[in-house]
Trainee: 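Pasting a structure here, questions to come.
When reading the values below, keep in mind they use all heavy atoms of this one structure, side chains included, and skip hydrogens, waters and symmetry mates.
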Amino acid sequence: MSISYWTGTPKGLTFSVAVILFLSGCAVTLAPNYDKAIVDGLLATNIALMEHFAATAAGTEKETFVEREQRYNHLIGNLDALAIQTKARPVPSNKVTEKINNSLSERGIQVTDGDEAPSATALDAISKTITKMRDTDRKQGVTAVEVAAFKGQVVIFLDQAITYENFLER
């Protein structure tokens, strides 16, 4: 059935206008609201993380860990605070989202439980990664290859979080 079928006659045009008006009155919210404070926090934390990776890019020694410990703790604290902020926003629950998630699950694609935004999941993963880096650094230092691996993982999750949060500004 083509669009011209619906709009080709005065009755079809009336029906099309009625459908559009009906659908526009039934706005479905599929995501949490945009929060500029979260985006600003993500952008500031992104800069701090990239500065940290730049400072440790050549690797570190266990003996100098105390010089970096405060920076690690600051980063982890900021990430955890941002994760809490993103989790505190209500995520709309609706049948459309449930159907989409069911369809994705049937295809073997992992979906969140719907209770938190994907950015919250990404922030938790970044926090765990930086915590692992801190603990490794404390125990034995980290090599340049390990720093690159930690950075690679963090960049993937940061990209997901920033992209999702910026998308909410629509």
Side-chain angles (χ1 to χ4, degrees), residues 29-93 96-170:
T29 304
L30 299 175
N33 291 328
Y34 173 78
D35 185 337
K36 185 172 178 0
I38 290 173
V39 172
D40 290 346
L42 270 172
L43 297 178
T45 301
N46 177 35
I47 291 168
L49 282 163
M50 294 307 113
E51 289 173 345
H52 174 70
F53 285 121
T56 59
T60 66
E61 299 293 326
K62 171 184 169 179
E63 295 74 28
T64 59
F65 171 76
V66 70
E67 298 169 12
R68 294 177 298 284
E69 184 173 22
Q70 185 175 356
R71 186 173 352 149
Y72 278 113
N73 293 337
H74 181 74
L75 289 168
I76 294 165
N78 281 346
L79 290 162
D80 291 345
L82 283 168
I84 290 169
Q85 283 177 270
T86 59
K87 291 175 188 176
R89 289 181 302 185
V91 176
S93 176
V96 174
T97 304
E98 290 172 18
K99 286 181 182 179
I100 292 169
N101 285 343
N102 287 339
S103 176
L104 292 172
S105 293
E106 288 171 2
R107 295 180 184 165
I109 300 171
Q110 183 181 3
V111 295
T112 60
D113 60 8
D115 290 341
E116 66 182 42
S119 52
T121 304
L123 286 163
D124 283 339
I126 297 167
S127 179
K128 288 177 185 172
T129 301
I130 296 300
T131 300
K132 177 70 174 167
M133 182 178 178
R134 178 196 62 195
D135 295 347
T136 303
D137 194 357
R138 177 187 294 131
K139 182 178 178 183
Q140 64 197 31
V142 289
T143 66
V145 172
E146 289 171 322
V147 172
F150 285 122
K151 179 181 179 182
Q153 186 169 354
V154 165
V155 166
I156 290 168
F157 288 118
L158 265 173
D159 179 60
Q160 291 173 0
I162 292 170
T163 300
Y164 180 80
E165 291 298 328
N166 281 332
F167 174 78
L168 294 178
E169 189 176 13
R170 44 181 167 4

Trainee: Quick one: do E69 and R134 make a salt bridge, cutoff under 4.0 Å?
Mentor: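 A salt bridge is absent here (no side-chain N lies under 4.0 Å from a carboxylate O).
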
Trainee: Compare every heavy atom of D80 with every heavy atom of S127, then report the nearest pair and how far apart it is.
Mentor: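 Shortest heavy-atom separation between S127 and D80 comes out as OG-OD1, 2.7 Å.
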
Trainee: Specify the closest pair of heavy atoms between A83 and D124, including all atoms of both residues, with the distance to one decimal.
Mentor: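 Answer, listing the atom of A83 first, then D124: CB-OD1, 3.4 Å.
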
Trainee: Quick check: are there more than 12 heavy atoms from other residues, nucleotides or ligands sitting under 6.0 Å from CD of E61?
Mentor: no

Trainee: Distance from M50 atom CE to L158 atom CG, nearest 0.5 Å?
Mentor: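 So the CE of M50 and the CG of L158 are separated by 5.5 Å.
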
Trainee: At what distance, to the nearest 0.5 angstrom, does CD1 of I84 lie from CD1 of I38?
Mentor: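 Taking CD1 in I84 and CD1 in I38, the distance rounds to 11.5 Å.
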
Trainee: Tell me the closest heavy-atom pair linking F157 and A122, and the distance in Å.
Mentor: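 Distance-wise, the nearest heavy atoms are O-CB, 3.5 Å.
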
Trainee: So, taking the atom named CG in L168 and the one named OG1 in T86, what distance separates them when rounded to the nearest 0.5 Å?
Mentor: 10.5 Å

Trainee: One thing to verify: whether R89 and E165 come together as a salt bridge, which I'm taking to mean a side-chain N less than 4.0 angstrom from a carboxylate O.
Mentor: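 Yes.
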
Trainee: Hey, are D135 and K132 close enough for a salt bridge, meaning a charged N less than 4.0 Å from a carboxylate O?
Mentor: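 No, this pair does not count.
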
Trainee: Restricting to non-hydrogen atoms, name the atom on T56 and the atom on V147 that form the minimum distance, rounded to 0.1 Å.
Mentor: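 Closest heavy-atom pair between T56 and V147: O-CG2, 3.2 Å.
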
Trainee: Closest approach of E146 and T143, non-hydrogen atoms and distance?
Mentor: OE1-N, 2.8 Å

Trainee: What do you reckon, is CD of E63 surrounded by more than 12 foreign heavy atoms closer than 6.0 Å?
Mentor: yes

Trainee: Check A161 against L42 and note the closest heavy-atom contact, atom names and distance.
Mentor: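 A161 and L42 have their closest heavy atoms at O-CD1, 3.8 Å.
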
Trainee: Quick check for you: to the nearest 0.5 Å, what is the distance between Y164 atom OH and D159 atom CG?
Mentor: 15.0 Å

Trainee: Hey, could you give me the CG/NZ distance between L79 and K128, rounded to the nearest 0.5 Å?
Mentor: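 The distance works out to 12.5 Å.
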
Trainee: Should I130 and L49 be marked as a side chain to side chain contact (heavy atoms under 4.5 Å, CB included) after you check the CA-CA gap, both sets of side-chain angles, and the distance that decides it?
Mentor: CA-CA 9 Å; I130 296 300; L49 282 163; 3.7 Å; yes

Trainee: Among I76, N78, V154, whose side-chain contact (heavy atoms from CB on, under 4.5 Å) with I126 holds?
Mentor: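 Only one of I76, N78, V154 forms a side-chain contact (heavy atoms from CB on, under 4.5 Å) with I126, namely V154.
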
Trainee: Can you tell me how far the CZ atom of F150 sits from the CZ atom of F53, to the nearest 0.5 Å?
Mentor: 8.5 Å

Trainee: Between H52 and M133, does the side chain to side chain contact (heavy atoms under 4.5 Å, CB included) criterion hold? Intermediate values first, please.
Mentor: CA-CA 11 Å; H52 174 70; M133 182 178 178; 3.7 Å; yes

Trainee: Between the side chains of K62 and D137, is the shortest nitrogen-to-carboxylate-oxygen separation below 4.0 Å, so that they form an ion pair?
Mentor: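 Judged by the 4.0 Å cut-off on N to carboxylate O distance, D137 and K62 do not form a salt bridge.
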
